[in-house]
Amino acid sequence: MESGNLEIYNGESCKGEGHGPRNGMRENAPYFLGIALIYSICFATAFYRNYIGLTFPMITAATLLVCWLFLKKNEIPWKKSNWLYIVTCLLLGISTVLTANVFVIFFNTVGILLMITVFMVRQMYDDKEWNFGQYLLNLLFLYLNMIPELAAPFIHWMNYRKKYKKEGKKRQEVKYVLLGILIGLPMLLVIVELLSSADQIFSQVIGKASHRLFGQVIFSPNVFLVMLLMILGFFGIYSFLSALSLNNMPQHKNGGTKKNPLTAITFISMVTVIYVIFCGIQVLFLFTGGMLLPEAYTYAEYAHQGFFQLLFICLFNLILVGVSMAVFDVNRVLKLLLLLCSGCTYIMLASSAFRMILYIRTYHLSFLRVLVLWFLAMLAVLLAGVALTVVKRKFKLFRYCVAVVAVFYLVFSFGRADVLVAEYNIAQMGEDISFDDLQYLAGLSVDTVPALSRYRFEHQGCGQGARNYVKKYDYYTSPGDWFYGNREGGAQAGCRRCLLNKTLHHVLEDTEHMGVRTFHLSRYLARRAAVGYWNQ
């Protein structure tokens with residue numbers, strides 16, 4: 001594995017330190033440091049006590065803007081094929097404002113970071129000859145390079161000053177003044193504290209003002225949080241760009257000697273025979289055999305027992321085919337075996353999906369079950385790309401996988417799975433929904449609140465006759481604006497109305513101070529539904 005000999009899209013070799021953006025970062029240190037500082041302020045503004053608000057897509061767009069400025073400053077031409085990554089990032093940022101599901105928000109963030117990374121790597125390097133494994137290794141290599149590059153802002157600034165600046169008398173004086181301030185601050189704190197305890201009048205005049213200045217402004221938790229966010233934003237973006245500009249991405253040698261295919265033919269033949277027998281049983285007995293099941297098994301039990309094992313086998317087969325293509329010299333027999341293995345995997349995917357559908361019919365939907373069905377569908381499409389690679393060796397599998405995962409995840413992210421679960425379960429169970437089922441739906445994100453607010457339950461077994469009330473908001477005046485029982489009693493008694501009242505009350509509390517910066521569409525819709533519930 002060699003490094004430092006890839007071409008960057010400015011037509012210059014990446015060997016040595018005299019070419020490319022690496023010197024661009026150093027020679028233009030004030031420019032990039034200024035951009036990183038402005039970005040850090042935007043980062044802190046976006047995420048200060050707010051991680052899902054309207055500022056999320058804005059900071060996503062700001063990150064892409066910084067990347068564009070980096071490319072422009074280093075005269076790196078734009079690759080039109082990269083629009084997929086840009087559009088995906090922006091859509092994921094918008095999706096975060098539409099759902100309050102923590103799982104989706106987390107993977108939206110991960111997806112944005114990965115898409116930006118792939119986009120910038122493709123802009124910087126010629127990736128035409130990279131295979132799937134090389135792509136993954138190079139991305140990992142880039143992230144590891146970001147760790148030592150955390151020191152890059154200091155190094156670049158010092159190098160810039162040594163090369164282009166000569167300290168004058170005034171700059172020397174400013175440096176000494178700053179040093180004096182750093183020494184004097186802790187002394188001032190100790191002296192003010194001692195004098196305040198020695199004289200009450202001094203304490204009233206100076207001591208209180210000093211406590212407010214240092215306790216509520218300089219050393220307040222809010223200031224600390226803002227500074228922490230600015231530091232994360234500044235060093236995060238600068239170390240990422242600096243790691244990219246090193247131009248030291250490993251160049252993997254393609255076309256190396258591959259292993260004898262007879263080894264792969266042997267072990268793949270062994271597992272394929274078992275796969276064929278298993279798939280035959282699925283076709284004969286589960287799919288077309290009247291759904292014959294073992295004794296003492298219900299459909300739901302049978303489905304739940306075998307699903308996760310099949311899912312693991314499908315993932316294993318996907319990796320098995322890919323590794324076999326990369327390691328062994330593929331001949332006609334091995335190709336046929338790999339294609340047969342892929343075909344068996346499709347039958348296993350169908351069996352997994354069929355089992356999950358049986359389970360859903362009995363126990364209805366949950367977020368995990370929706371996620372599983374989505375994952376099975378995505379695996380089926382990914383497997384098609386792997387099978388195509390068996391037939392066509394030059395097929396760009398990494399780009400295909402990125403595109404498939406991006407499209408599927410965008411569908412899942414915008415699909416608001418919690419809403420789907422709530423609407424389906426409510427439609428299936430209606431007013432007969434149990435307390436446990438209602439509790440599960442209420443425990444999902446606030447995406448489900450508009451659907452739940454349509455319920456109108458009566459109190460049952462919660463001791464409402466004792467008139468033990470907990471008041472809600474003052475601007476609600478009707479008798480229905482009270483939560484019967486204490487905060488836990490109603491739920492423990494199994495009262496569905498108390499549970500619903502409690503859930504919607506918390507929604508009103510959590511969204512009461514939502515402003516322009518923290519605006520979130522899903523939370524806004526939940527608040528509007530809660531207000532409508534309490535006003536009836």
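Source: prediction; values computed, not measured. If you read the sequence from its start, that first residue is 1, and numbering goes on from there.
- Annotation: side chain of Phe316 is not in contact with side chain of Val271 (no heavy-atom distance under 4.5 Å).
- Annotation: side chain of Leu241 is in contact with side chain of Val66 (closest heavy-atom distance under 4.5 Å).
- Looking only at side-chain heavy atoms (C-beta outward), Ile347 and Phe278 stay at 4.5 Å or farther from each other.
- Remark: Thr448 OG1 to Arg416 CZ distance equals 9.5 Å, nearest 0.5 Å.
- At a threshold of 4.5 Å between non-hydrogen side-chain atoms, the residues Phe412 and Met378 do not count as touching.
- The minimum heavy-atom distance between Cys89 and Thr60, with the atom names listed, is O-CG2, 3.6 Å.
- In this structure, Thr511 contributes its side chain and Met514 its backbone to no donor-acceptor pair below 3.5 Å.
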task: Start with the C-alpha distance between Asn331 and Ile265, add both sets of side-chain angles, then the distance that settles side chain to side chain contact (heavy atoms under 4.5 Å, CB included), and finish with yes or no.
output: CA-CA 10 Å; Asn331 58 20; Ile265 292 172; 3.8 Å; yes
task: Show your reasoning for whether side chain to side chain contact (heavy atoms under 4.5 Å, CB included) applies to Met115 and Val402.
output: CA-CA 9 Å; Met115 284 293 172; Val402 169; 3.8 Å; yes
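- Between Trp374 and Tyr409, the ring planes are perpendicular. Angles over 60° get that label, and only those under 30° would be called parallel.
- Applying the side-chain hydrogen bond (donor to acceptor under 3.5 Å, both in side chains) test to residues at least two apart or on different chains, the pairs with a partner in residues 262-275 are Tyr275-Asn317.
- In terms of heavy atoms, Ile59 sits closest to Ala46 at CB-CB, 3.9 Å.
- With sequence neighbours excluded, no residue satisfies ring-ring contact (aromatic ring centres under 6.0 Å, His included) with Trp68.
- Of all non-hydrogen atoms in Phe398 and Leu136, the two that sit nearest each other are CE1-CD2, 4.2 Å.
- Taking SG of Cys344 as the start and CG of Leu349 as the end, the distance is 11.5 Å to the nearest 0.5 Å.
- For the atom pair CE of Met58 and CZ of Arg517, the computed distance is 11.0 Å after rounding to the nearest 0.5 Å.
- Note that the NE2 atom of His156 and the OH atom of Tyr238 stand 5.0 Å from one another [nearest 0.5 Å].
- No side-chain heavy atom of Thr109 sits less than 4.5 Å from a side-chain heavy atom of Tyr51.
- Among all heavy-atom pairs drawn from Ile94 and Pro57, the shortest one is N-CB, 4.0 Å.
- Taking the six-membered ring for Trp and thresholds of 30 and 60 degrees, Trp78 and Trp83 have ring planes inclined between 30 and 60 degrees apart.
- For Phe267, the CZ atom is densely surrounded, since the number of other residues' heavy atoms within 6.0 Å is greater than 12.
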Distance-only criterion, 3.5 Å: show the donor-acceptor pairs between side-chain atoms of residues 140-155 and protein atoms not counting sequence neighbours.
residue	atom	partner	partner atom	Å
Tyr143	OH	Thr117	OG1	2.7
Asn145	ND2	Asn248	OD1	3.4
Glu149	OE1	Ser242	OG	2.4

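- Contact annotation: the side chain of Ser95 never approaches that of Leu410 to less than 4.5 Å [non-hydrogen atoms, C-beta and beyond].
- The distance from the CZ atom of Arg527 to the CD atom of Glu509 is 10.5 Å, given to the nearest 0.5 Å.
- Under the 30°/60° scheme for interplanar angles, the aromatic rings of Phe107 and Phe103 are found to be tilted.
- Using a 3.5 Å distance cut-off with no hydrogens or angles, the side chains of Asn50 and Thr55 do pair a donor with an acceptor.
- With hydrogens and angles disregarded, no donor-acceptor distance shorter than 3.5 Å links the side chain of Arg49 to the backbone of Leu225.
- Not a single donor-acceptor pair under 3.5 Å links the side chain of Glu512 to the backbone N or O of Val507.
- The stretch residues 313-335 participates, sequence neighbours left out, in no salt bridge (Lys or Arg N to Asp or Glu O under 4.0 Å) pair at all.
- Looking only at side-chain heavy atoms (C-beta outward), Phe119 and Leu71 come within less than 4.5 Å of each other.
- Formation of a donor-acceptor pair under 3.5 Å by the Asn74 side chain with backbone atoms of Ile76 is not found in this model.
- Side chains of Thr88 and Val407 form no contact here, defined as non-hydrogen atoms less than 4.5 Å apart.
- Under the side chain to side chain contact (heavy atoms under 4.5 Å, CB included) criterion, Ser445 pairs with Ala100, Asn101, Asp418, Asp447, sequence neighbours left out.
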message: side chain to side chain contact (heavy atoms under 4.5 Å, CB included), that's the test. Do Thr389 and Tyr400 meet it? Break it down for me.
response: CA-CA 10 Å; Thr389 307; Tyr400 172 84; over 6 Å; no
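- With hydrogens and angles ignored, the 3.5 Å screen pairs a side-chain donor or acceptor of Ser342 with a backbone N or O of Leu338.
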Can I get a per-line list of side-chain donor-acceptor pairs under 3.5 Å for residues 30-45, giving both atom names and the distance, sequence neighbours left out?
residue	atom	partner	partner atom	Å
Tyr39	OH	Thr63	OG1	2.8
Ser40	OG	Leu37	O	2.5
Thr45	OG1	Ile41	O	2.8

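- Listed here is the closest heavy atom pair of Tyr125 and Lys79: O-NZ, 4.4 Å.
- Across all their heavy atoms, Ala380 and Tyr346 have their closest contact at O-OH, 2.7 Å.
- Although no hydrogens or angles enter the test, the distance criterion places no donor-acceptor pair under 3.5 Å between the side chain of Thr99 and the main chain of Thr96.
- Residues Ser81 and Arg399 bring no donor and acceptor atom of their side chains to less than 3.5 Å of each other.
- Between atom OG1 of residue Thr345 and atom CG of residue Leu383 there is a gap of 5.5 Å, rounded to the nearest 0.5 Å.
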